[in-house]
Novice: 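Questions regarding the structure given below will be posed in turn.
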Amino acid sequence: MTRADSAHPLASARRGTPPAVGALSDEAVRRPTTAIFTGAGISGDEPAALPRGFGLRDDVLKIMHSAAQELLGPLVSDGQLDRIRGEAYKLEVVLGRLWGTVGPDALDCLFALEVRVPNEAHMLSALHLLDGGTHGTVNFDIGVEYAYDLIIGQADLPDDAPQEYVDAIGAWRALAPADPMPLLTVSSHADFAEWLRAGRPPALLKVHGGLDRQQTALADVVVVDIEELGQLTSERAAAVATLGEAERLLITGYSGGDPDVYGPLLSAAARTTSAWHCLSLPAASSVPTDAMDHGIGLVQGSPDGLAVTALRQVLGVPAPPPWPSTRLPGEGYEERLERWRLRLREAHPAALIAQSWAWLLADLGDLDTAEAIYGRLGPDAPGARLRHAETLYTRARGDDRERARQMFREVAAGTEDATTRLHCLLRIGGIARGRAAQHTDIARRVLALAEAYLRPVQVVLATRNGRRQPEEAGDAYRALQQTSLRLLEQLSVVAPRACRPVIAMLCQLATRFGERAARLVRNGNRLALIRQHRALLLALTALLRGRPGPADVRSDMRALRDTYRAADDLPGAGNCSLTLAVLACADGDHAEARALTARALAEYAAGRPAGQPLASGKALVDVVTRLIDRSDRIGGGSQ
C-alpha cells in the first residue's frame with residue numbers, strides 16, 4: 001500500500017519532485033493534490049524547541065520592561081508588563097515599537113530562531129514537499145528547508161547530535177526519490193516575483209520572508225505591524241491564493257493571528273476541501289466562527305490537533321518512522337536570545353528602549369503614564385521630544401494639542417533630518433484641523449482651516465510632488481484628504497438639503513487626494529488610513545446623492561475592519577464601523593447605522609482608562625450620529 005492509498009480526507013497523492021524556478025513550461029506546472037499552511041506550532045517540539053505562540057514576543061517584552069524599569073524605577077511597574085502580555089499584541093507590534101526607537105538591531109532577535117536539528121513536523125513537511133506538494137508558512141526559521149536537505153543528503157547532522165538522530169536518519173533518507181531535486185524555497189520579494197513568472201510551481205512559500213539558508217541574514221521579513229497593515233504584496237498574496245487551487249488544504253500549527261495573511265488564507269481554504277488542525281486557540285479567537293463560515297473542518301486538542309498527527313495523516317501509509325525528540329546539547333534558543341539582549345543593551349542606551357516601552361503603553365491607552373515617562377526622559381533624550389509630542393497629540397486633552405504644537409515646532413527647527421521636519425509640519429497642520437473644528441469664531445476657524453491645508457501643501461512643494469521623499473508627499477496628500485473629509489462631514493450636517501449635490505461632488509473630488517497618496521506611500525498604517533478616509537468620502541457621496549452605498553466599498557471596509565481587529569487595533573476598527581454606518585444610512589437602514597455607531601463607540605473605548613473613548617473617535621461618532629438623525633428626519637438615503 002502506498003502513501004497515496006490512504007483514505008484520510010487530506011491524504012496526498014504522490015506527485016514526484018518540484019522543478020526549479022525558471023525551468024518550467026506551462027504544461028509542466030501541476031497543482032498539488034494537497035497543500036499545507038503552517039505557523040509557529042510546527043517548530044515548538046524538540047530538538048528545534050523554538051517558542052510557540054507569543055513566546056518570542058513575551059521574551060522581547062521582558063527585555064524592554066527590564067531596561068525601562070532599570071532607568072525609571074516605579075514609573076515602570078510589573079503590572080504594566082502583565083497587562084501588555086495579556087493583550088493580543090503580536091510580535092510585529094512589539095518589534096515595531098522597538099524598531100521605531102533603536103532601529104534594525106531590534107530585528108536581530110530573529111536570529112535566536114536558529115534550527116540546529118529539525119523536529120518531526122519539519123521532517124514530515126519535507127516529505128510532503130518531496131511528493132511535489134506546496135507548503136505555505138509564516139515561520140521565519142529554516143526547519144523545513146533543513147529537514148528537506150537532510151533527507152536528500154544535501155545536509156548532515158551536526159557533530160554533536162545525539163546518537164538517536166544518527167540512527168534514525170537512514171530510514172528517512174530511504175523515503176526520498178532516487179534523484180530528488182533541490183527544494184524550491186521562495187522567501188524574498190524577488191523570489192516571489194520569479195516564482196509567479198515561472199507559473200507558480202510547487203515550493204516552500206515563506207510569505208513573511210525569513211532567515212536565509214545559512215541563518216545569518218534576513219530575507220525581506222514582515223516583522224513590524226506597519227507592514228502587516230499594508231497587507232501582503234501582490235506576489236505573496238498570490239502565493240496564499242495558490243493554496244486554494246490544491247484539491248485539499250491542511251492548516252496546522254497556526255492560530256490565525258496575522259492581519260495580512262488571515263483573510264486571504266480563509267478565502268483560499270473556502271475554495272477547496274480544507275481542515276484546520278491546532279492544539280488550542282486563544283479564548284477570543286475568531287477562527288472557530290470563521291472556519292464554520294468558510295466550510296473549514298476545525299480539529300483541536302491532543303493528539304488529533306497536533307501538527308505531527310495531521311501531517312502523518314496527509315502523508316498516509318506506509319508511515320514514516322518516528323523521529324527522535326531528544327534535547328540537543330549546547331546553545332539553544334534561550335542562550336541565543338540572551339546574546340541578542342546583551343548586544344542590544346551595549347549598543348543602545350536604556351533611554352531609547354524606555355521610549356519603546358512608553359510607546360507600547362500609549363498603544364494600550366495608558367497615555368498618562370507614557371507622557372510621564374517622556375517627561376522624565378527629558379527633551380535631550382534622542383527622539384524623546386518627538387515621541388512626547390506624538391503622545392500629547394494622541395491624548396488631546398486640555399492643552400495637550402497646543403503643547404504638542406510647540407514641541408513639533410521645536411523639533412522641526414532643531415533637526416537636520418528632512419523627513420522629521422516634514423512630519424512635524426504635517427502634525428502642525430493636523431492640530432490646525434482640530435482647532436478649525438473647535439473654534440466658534442468664524443474668522444479663527446477660517447484661519448485654522450487655511451493652516452490645515454497650507455502645511456500639507458508646503459510638504460508637497462518641498463518634496464516636488466513626491467519626486468523626492470515620496471512617503472512624506474503621500475502623507476501630505478493623506479492629510480489633504482483627511483482635512484477635506486472633516487470639513488465636508490461638518491457641511492453635510494449643517495448645509496441645506498439643496499446643497500447636497502454640491503457637497504457630494506466635493507466629496508468625490510476629495511478622494512483624488514487619497515488616490516494620489518496611495519500611489520506614493522508604502523507605510524501600512526498610512527495606507528489603511530487613506531483607504532478608510534476614501535471609503536468614508538464615497539459613503540458620504542452616496543448618502544448625499546440619495547443612492548445606495550457602493551457594495552465594493554462596504555466589502556472593503558468589512559475586510560479592513562477584520563484586519564484592524566486581527567492587529568488588535570480597535571480604534572482603527574471603529575473608524576471602519578463608522579464608515580459602514582454611513583453606508584447603512586445611505587441604504588436607508590437607520591437602525592443598522594445606529595447599531596454600528598454604538599459598536600464604533602465601544603471600539604474607541606475598549607481597554608482605555610475608565611472606559612472613556614478616544615476624544616477624536618467620540619467626536620467622529622457625534623458627527624455620524626447627527627448625519628443619521630438628519631437623514632432620518634428628511635428621508636435621506638436610498639429609500
Side-chain angles (χ1 to χ4, degrees), residues 37-43 48 50-61 63-64 89-115 122 135-146 183-195 203-240 253-255 257-262 264-265 333 336-337 339-340 343-344 356 522-525 527 563 566-567:
F37 188 88
T38 59
I42 70 163
S43 297
L50 298 182
R52 291 184 172 95
F54 290 125
L56 178 56
R57 180 208 71 166
D58 286 349
D59 289 338
V60 174
L61 279 173
I63 291 168
M64 294 167 63
Y89 288 154
K90 296 174 69 265
L91 173 67
E92 286 78 1
V93 174
V94 174
L95 284 184
R97 304 304 170 257
L98 186 58
W99 174 79
T101 56
V102 306
D105 287 351
L107 307 188
D108 286 352
C109 66
L110 298 182
F111 293 114
L113 301 178
E114 179 183 338
V115 173
H122 296 144
H135 185 138
T137 185
V138 291
N139 290 357
F140 302 120
D141 66 77
I142 66 159
V144 175
E145 299 99 300
Y146 189 177
L183 174 63
L184 173 56
T185 302
V186 184
S187 292
S188 69
H189 295 313
D191 289 342
F192 276 97
E194 188 170 348
W195 171 80
L204 175 62
L205 305 167
K206 305 187 79 167
V207 295
H208 274 177
L211 296 169
D212 68 356
R213 217 50 167 263
Q214 291 72 42
Q215 305 185 90
T216 57
L218 301 174
D220 293 335
V221 293
V222 175
V223 76
V224 293
D225 59 323
I226 57 173
E227 294 169 314
E228 284 199 314
L229 281 174
Q231 301 296 283
L232 294 171
T233 62
S234 59
E235 294 86 357
R236 289 180 173 184
V240 178
Y254 182 59
S255 62
D258 299 281
D260 54 347
V261 172
Y262 185 60
L265 182 61
Y333 160 76
R336 292 190 293 270
L337 191 71
R339 281 197 283 111
W340 170 73
R343 289 197 305 271
L344 185 76
S356 66
R522 293 294 178 267
N523 180 294
N525 289 323
L527 282 169
T563 298

Novice: Does a side-chain heavy-atom distance below 4.5 Å link Tyr333 with Asp59?
Specialist: yes
Novice: Just verifying a value: how many Å separate Glu145 CD and Leu184 CG, rounded to the nearest 0.5 Å?
Specialist: 11.0 Å
Novice: Show the nearest heavy-atom pair for residues Ser43 and Ala48, with the distance to one decimal.
Specialist: O-CB, 3.7 Å
Novice: Is Trp340 reaching over with its side chain to a backbone N or O of Leu107, donor-acceptor style, under 3.5 angstrom?
Specialist: no
Novice: Determine yes or no for a side-chain-to-main-chain donor-acceptor pair under 3.5 angstrom, with Asp191 supplying the side chain and Trp195 the backbone.
Specialist: no
Novice: Between Glu235 and Val186, is the side-chain contact (heavy atoms from CB on, under 4.5 Å) condition met? List the steps.
Specialist: CA-CA 11 Å; Glu235 294 86 357; Val186 184; over 6 Å; no
Novice: When rounded to the nearest 0.5 angstrom, what is the spacing between CG in Leu337 and CG in Asp108?
Specialist: 11.5 Å
Novice: Would you give the length of the straight line joining atom NE2 of His135 to atom CG of Leu183, rounded to the nearest 0.5 angstrom?
Specialist: 10.5 Å
Novice: Does a side-chain heavy-atom distance below 4.5 Å link His122 with Ile42?
Specialist: yes
Novice: Over all heavy atoms of both residues, which pair between Val138 and Gly39 is shortest? Give the atoms and the distance, please.
Specialist: CG2-CA, 4.0 Å
Novice: To the nearest 0.5 Å, how far apart are CG in Leu91 and CG in Asp258?
Specialist: 10.0 Å
Novice: Are the side chains of Met64 and Val94 in touch, meaning some heavy atoms are under 4.5 Å apart?
Specialist: yes
Novice: What's the shortest heavy-atom distance between Gly209 and Phe140, and which atoms?
Specialist: O-CD2, 3.7 Å
Novice: Hey, are the side chains of Leu211 and Glu114 touching, using non-hydrogen atoms and a 4.5 Å cut-off?
Specialist: no
Novice: Taking all heavy atoms of Pro51 and all of Leu113, pick out the closest pair and write down the distance.
Specialist: CD-CD2, 4.0 Å
Novice: Quick one: closest heavy-atom pair of Val207 and Leu232, and the distance?
Specialist: O-CD2, 3.8 Å
Novice: Of the non-hydrogen atoms in Leu204 and Thr137, which two are nearest, and what is the gap between them?
Specialist: CD1-CG2, 4.2 Å
Novice: Side chains of Lys206 and Ile142: closer than 4.5 Å at any heavy-atom pair?
Specialist: yes
Novice: Between Glu92 and Arg57, is any pair of side-chain heavy atoms under 4.5 Å apart?
Specialist: no
Novice: Decide yes or no for Asp260 and Arg236: does some side-chain heavy atom of the first lie under 4.5 Å from some side-chain heavy atom of the second?
Specialist: no
Novice: Please tell me if the side chains of Leu110 and Leu56 come closer than 4.5 Å, counting only heavy atoms from C-beta onward.
Specialist: yes
Novice: Please answer whether the main-chain N or O of Asn525 pairs with a side-chain N or O of Asn523 as donor and acceptor at a distance below 3.5 Å.
Specialist: yes
Novice: Measure up the Tyr254 and Phe37 rings against each other and bin them: parallel (under 30°), tilted (30 to 60°), perpendicular (over 60°).
Specialist: perpendicular
